[in-house]
Amino acid sequence: MPRTHRRRQMLQSAATVGLLSIAGCLSAAGDSPESEADNSELTDEYTQATEIEPPESVDEWLESANGYTGDRIRTGTRGRADIHVGHEYDDGLGFDPVVVEVSPNTIVRWNWTGHGGVHNVVALDGTFDSGRPNAQPGTSYEYVFEEPGTYPFVSEPDRDDGMKGLVVVDEPPSTGYETVDEWVVHSSNFDGEITDRTDAETASITVGADGNGGSLAFAPVVLRISPDTTVTWEWSAESPTATISFEERDIDSGELTSDADATFEHTFDEPGVYRYASLPHKSIGMRGAIIVEQ
């Protein structure tokens, strides 16, 4: 499917243009004088609409994406997600994050870093297109993803060099507990499941399970227990230096540790929802929740 001009919207930095409108809802495209200078090296190859064939297998296609580790970052729960354009990885320039998973009606915004020359953002199926490649830091482009689906995209000048990305649009997993879902939705290993241990006097949680770009997760993410149950957190051999720190509760494991023999335990007497995180990794999704029910 050829890219369509009405899908384009390039948003320059506020100091340069000060124009902000919604891609896919409004039709706008433009370049400041500065960006025209940056783009003077471009050829017609990147300034004319061209068709890029979508891959038969997105997973196989992503294997050659610079910076791709196999993780999908679930973000945009507040209606917006950000991707950096021109992030420097060991294997070359790319997008950061490479893959994002968002809910329908989320605004995804790409922000140019200024690294590595000119770039643009083009969906392989023609759904969105930022237009002329640009090298100016502070430039941004955004698109509202209304429909569920998978949307692979590239930077056209770098499409053969691994500068690839993917937006996955889907409803987020849900436990049915809104407070829990809002807290753990960013954990890449959260799938909406609740591990039920309400018939046991003890339960355990692994610290340093696979997820969030490494061994940076808790497993299980969500645990349901009965009052007076003792929960033990057990550090794995792969665990980062981590803590167990509860939100709005006076429960804390104390000093950071990565000792594979380390444990922390707490007995939950009162019913309620208990949310916790490893503070050094809270922002990247190393979070968990305990549901205590009669």
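All values derive from a computational prediction rather than experimental measurement.
Here Arg80 pairs with Asp82 in a salt bridge; the nearest charged N to carboxylate O distance falls below 4.0 Å.
In terms of the salt bridge (charged side-chain N to carboxylate O under 4.0 Å, His left out) criterion, Asp252 has no residue partners (sequence neighbours excluded). Scanning for side chain to side chain contact (heavy atoms under 4.5 Å, CB included) contacts around Pro280 gives Thr243, Leu256, Ser278, with sequence neighbours left out. Among residues two or more places apart in sequence or in another chain, the side chain to side chain contact (heavy atoms under 4.5 Å, CB included) test is passed with Ser258 by Thr241. The side chain to side chain contact (heavy atoms under 4.5 Å, CB included) search around Glu193 returns Asp191, not counting sequence neighbours. Contacts of Glu63 classified as salt bridge (charged side-chain N to carboxylate O under 4.0 Å, His left out), with partners at least two apart in sequence or in another chain: none.
For the atom pair Asp170 CG and Arg72 CZ, the distance stands at 9.5 Å (nearest 0.5 Å). We find the CD1-CZ distance between Ile194 and Arg224 to be 4.5 Å, quoted to the nearest 0.5 Å. Summarising the geometry, atom CG belonging to Leu166 is positioned 9.5 Å from atom CD belonging to Glu101; distances are rounded to the nearest 0.5 Å. Put simply, CG on Asp161 and CG on Asp91 are 11.0 Å apart, with the number rounded to the nearest 0.5 Å. Distance CG/Leu216 to CZ/Arg287: 13.5 Å, rounded to 0.5 Å. Of the inter-residue distances, the one linking Thr202 atom OG1 with Asp228 atom CG reads 13.0 Å to the nearest 0.5 angstrom.
Between Tyr177 and Trp183, the ring center distance fails the sub-6.0 Å criterion. With ring centers used as reference points, Phe153 lies under 6.0 Å from Phe95. Taking the ring centroids of Tyr68 and Tyr89, they lie at or beyond the 6.0 Å cut-off.
When side chains are defined from C-beta on, Val118 does not count as touching Asn134, because their heavy atoms never get closer than 4.5 Å. For the pair Trp61 and Pro152, the minimum side-chain heavy-atom distance is below 4.5 Å. With contacts defined as side-chain heavy-atom distances shorter than 4.5 Å, the pair Val180/Ile291 qualifies. The side-chain heavy atoms of Val85 and Met163, taken from C-beta on, include a pair separated by under 4.5 Å. Counting heavy atoms from C-beta on, the side chains of Phe218 and Met286 come closer than 4.5 Å. In this structure, the side chains of Thr232 and Ile205 stay at 4.5 Å or more apart for every pair of heavy atoms.
Leu93 and Trp112 fall within the same hydrophobic cluster, defined by Ile, Leu, Val, Met, Phe, Trp and Tyr side-chain heavy atoms under 4.5 Å apart, directly or through other members. A continuous path of ILVMFWY side-chain contacts below 4.5 Å connects Phe246 to Trp235, so both sit in one hydrophobic cluster. Ile284 is not connected to Val98 by any chain of hydrophobic side-chain contacts under 4.5 Å among Ile, Leu, Val, Met, Phe, Trp and Tyr, and they are in different clusters. Connection of Val99 to Val154 is established within a shared hydrophobic cluster, with ILVMFWY side chains joined at heavy-atom distances below 4.5 Å, either directly or through further cluster members. Taken together through direct or relayed side-chain contacts under 4.5 Å among Ile, Leu, Val, Met, Phe, Trp and Tyr, Val184 and Phe268 form parts of separate hydrophobic clusters.
In this model, no donor atom of one side chain and acceptor atom of the other lie less than 3.5 Å apart for Asn189 and Ser187. Judged purely by distance below 3.5 Å, without hydrogens or angles, the side chains of Asp158 and His119 pair a donor atom with an acceptor atom. Side chain to side chain, Ser215 and Ser239 fail the donor-acceptor criterion of an N or O pair below 3.5 Å. With no hydrogens or angles considered, a side-chain donor-acceptor pair links Thr198 and Asp196 at under 3.5 Å.
Lys164 places no side-chain N or O within donor-acceptor distance of the main-chain N or O of Ser64, the cut-off being under 3.5 Å. Judged by distance alone, with hydrogens and angles left aside, the side-chain atoms of Ser253 form a donor-acceptor pair with the main-chain N or O of Ile244 at under 3.5 Å. Side chain of Asn120 to main chain of Glu156: a donor-acceptor pair is present (N/O by atom type, distance under 3.5 Å, no hydrogens or angles). Put simply, the side chain of Asp181 gets close to the backbone of Thr175: a donor and an acceptor are under 3.5 Å apart. Side-chain atoms of Thr113 come within 3.5 Å of backbone atoms of Gly86 as a donor-acceptor pair (strictly under, hydrogens ignored). No donor-acceptor distance shorter than 3.5 angstrom exists from the side chain of Asn66 to the backbone of Gly94, with no hydrogens or angles considered. With hydrogens and angles disregarded, a donor-acceptor distance shorter than 3.5 Å links the side chain of His186 to the backbone of Arg74.
Contact detail for Ile83 and Pro97: the closest heavy-atom pair is CG2-O, 3.8 Å. In plain terms, the two heavy atoms of Thr195 and Arg197 that are nearest each other are CG2-NH1, 3.5 Å. Closest heavy-atom contact between Asn212 and Ala217: ND2-CB, 3.8 Å. Listed here is the closest heavy atom pair of Ala81 and Val102: CB-CG1, 4.0 Å. In terms of heavy-atom proximity, Pro55 sits nearest to Leu124 at CD-CD1, 3.3 Å. Nearest heavy atom pair, residue Asp129 against residue Tyr141, reads N-OH, 3.2 Å.
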Practice item. Begin from the C-alpha positions of Thr267 and Thr230 and carry the test side-chain hydrogen bond (donor to acceptor under 3.5 Å, both in side chains) through to its verdict. Key: CA-CA 4 Å; Thr267 300; Thr230 299; 2.7 Å; yes
Intermediate values then yes/no, ring-ring contact (aromatic ring centres under 6.0 Å, His included), Tyr143 and Phe145: CA-CA 6 Å; Tyr143 184 82; Phe145 288 87; 4.9 Å; yes
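Within a 6.0 Å radius of CD in Glu293, other residues, nucleotides and ligands contribute more than 12 heavy atoms.
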Would you tabulate the side-chain donor-acceptor contacts of residues 269-276 under 3.5 Å, counting partners in other chains and residues two or more places apart, or write 'none'?
unit_1: Tyr274; atom_1: OH; unit_2: Glu270; atom_2: O; d: 2.7
unit_1: Tyr276; atom_1: OH; unit_2: Trp233; atom_2: NE1; d: 3.3

